[in-house]
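Throughout, a chain's letter reflects where its sequence line sits, starting with A, and its residues are numbered from 1.
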There are 2 protein chains.
Amino acid sequence: MLPCMDDSVDLSIVAEVSRDPRATLAQLSERVGLGVSAVQARLRRLESTGVITGYRAIIDPQAVGRTLSAFIEITPLDPRQPDVAPELLEHLDAIEACHSIAGDAAYILFVRVATPRDLEALIRDIRLAASVSTRTTVVLQTFYENRPMALAPGSAPG
Amino acid sequence: MLPCMDDSVDLSIVAEVSRDPRATLAQLSERVGLGVSAVQARLRRLESTGVITGYRAIIDPQAVGRTLSAFIEITPLDPRQPDVAPELLEHLDAIEACHSIAGDAAYILFVRVATPRDLEALIRDIRLAASVSTRTTVVLQTFYENRPMALAPGSAPG
DNA sequence: CCTGAAAACCATGCATG
DNA sequence: CATGCATGGTTTTCAGG
């Protein structure tokens, strides 16, 4: 199933709700120039068809004690084994993202922990849980992240 | 300024609003066991002190035509130059995140584009805008991303 | 700092162009 | 598929503990 959008009004709704998902339907409706009920119906369709897959608050990692973040590239020790590493690691909640990549490693993770010792423990857990070697790159400073997608009209092929 | 939280009620609010920022104050208030007004006041304080820095809708990249994502490591051609690359690249809205890292490269970017040709153009733009060399790792599959932070009580040092 | 209540506002469903 | 209205729920503010 490949979710898809109808027109530029949907695109505007997605752009607005992407930036400010707590806006009221009334606010959205005047920003996109449509009645409240119409906006509500479209928003619900965008949610149920999987264009909008969820909502998040963005939390300052410092404020919740996750001061250290890192990228961890992982490679299965046994190259014949199937691609089960992501499932084997899913329970480790320090892992924020997991992608398979075209490069030296098989996967890359983005993780957040409190201390270097927590990072050490996490790496050990990852190695044990998924039987992989790891290569860790520590983040020194985050300039920006979670930037909302810029959705120019016409940038979405049907 | 280092934002910080008072107690476990704030932590619960952050955890809940992180997972579901469109929940009503009434819903939050029964999840954390406090009156609606108290929850509202705390939520506003968490926002104004920078613990909650914003809200986002999570959009299926496929649905908006961003089918290709990648990590781009960049290194300034002139190692003496100050750390201006992040500002020089900020206008490129295909860039979702920018971190400085401890590793071979100086920075790592996470980017989303529509096509390989767009990626090619983006890499050229990055090289020109910031006078950097690049090393690109294409994402083949995203297993998960944007996972909400798990906030166990007591995991946030004061 | 929390509570509770009054007023303004918003979401929701349905009937209608 | 969009609109406008009625209604029940939600947010907001403020007085009081």
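Nucleic acid contact for Ala26(A): sugar-phosphate only, since backbone atoms but no base atoms lie under 4.0 Å from a heavy atom of the residue.
Contact between the side-chain N/O atoms of Arg42(A) and the OP1/OP2 oxygens of dA2(D) is found at a separation under 4.0 Å. The shortest distance between the side-chain N/O atoms of Arg44(B) and the OP1/OP2 oxygens of dT13(D) is below 4.0 Å.
Atom CG of Leu34(B) is separated from atom C1' of dC2(C) by 7 Å (rounded to the nearest Å). The distance between atom CZ of Arg22(A) and atom C1' of dC10(C), rounded to the nearest whole Å, is 14 Å. One interatomic measurement links the two molecules: CZ of Arg45(A) to C1' of dA2(D), which rounds to 13 Å at whole-angstrom precision. A straight line from CG of Leu25(A) to P of dA11(C) spans 4 Å, rounded to a whole angstrom. Atom CD1 of Ile13(A) is separated from atom C1' of dC1(D) by 13 Å (rounded to the nearest Å). We find that CD of Gln27(A) is positioned 14 Å from C1' of dT10(D), with the value rounded to whole Å. Rounded to an integer number of Å, the gap from Glu47(A) CD to dT12(C) C1' is 14 Å. Regarding Leu28(B), its CG atom lies at a distance of 8 Å from the P atom of dT11(D), rounded to whole Å.
Residue Gln40(B) places its side chain closer to dT11(D) than to any other of dC10(C), dT3(D), dT11(D). With dC2(C), dT3(D), dC10(C) as the choices, the nucleotide that has an atom nearest any side-chain atom of Ala38(A) turns out to be dT3(D). Nearest nucleotide to the Val36(B) side chain, out of dT10(D), dA11(C), dT12(D): dT12(D).
Taking the six-membered ring where the residue is Trp, the centroids of Phe71(B) and Phe71(A) are separated by under 6.0 Å.
Overall, the helix from dC1(C)-dG17(D) to dG17(C)-dC1(D) carries an axis bend of 30° between its ends, with five pairs at each end and the value rounded to 10°.
Judged by distance alone, with hydrogens and angles left aside, Ser37(B) brings a side-chain donor or acceptor within reach of the base of dT13(D), the pair sitting under 3.5 Å.
Across every non-hydrogen atom of Thr142(A) and Ser69(A), the tightest pair is OG1-OG, 4.5 Å. For Pro21(B) against Arg22(A), the heavy-atom pair with the smallest separation is O-NH1, 2.6 Å. The shortest heavy-atom contact between Arg127(A) and Val132(A) is CG-O, 3.4 Å.
In terms of the side-chain hydrogen bond (donor to acceptor under 3.5 Å, both in side chains) criterion, Thr136(A) has no residue partners (sequence neighbours excluded).
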Sequence neighbours excluded and cut-off under 3.5 Å, please list the side-chain donor-acceptor pairs for residues 73-87 of chain A, or say none.
unit_1	atom_1	unit_2	atom_2	d
Glu73(A)	OE2	Arg135(A)	NH1	2.4
Asp78(A)	OD1	Arg80(A)	N	2.9
Asp78(A)	OD1	Arg80(A)	NE	3.2
Asp78(A)	OD2	Arg80(A)	NH2	3.4
Asp83(A)	OD1	Tyr107(A)	OH	3.4

Is there a side-chain contact (heavy atoms from CB on, under 4.5 Å) between Asp10(A) and Arg45(A)? Walk through the geometry before answering. CA-CA 10 Å; Asp10(A) 278 357; Arg45(A) 196 170 49 71; 2.9 Å; yes
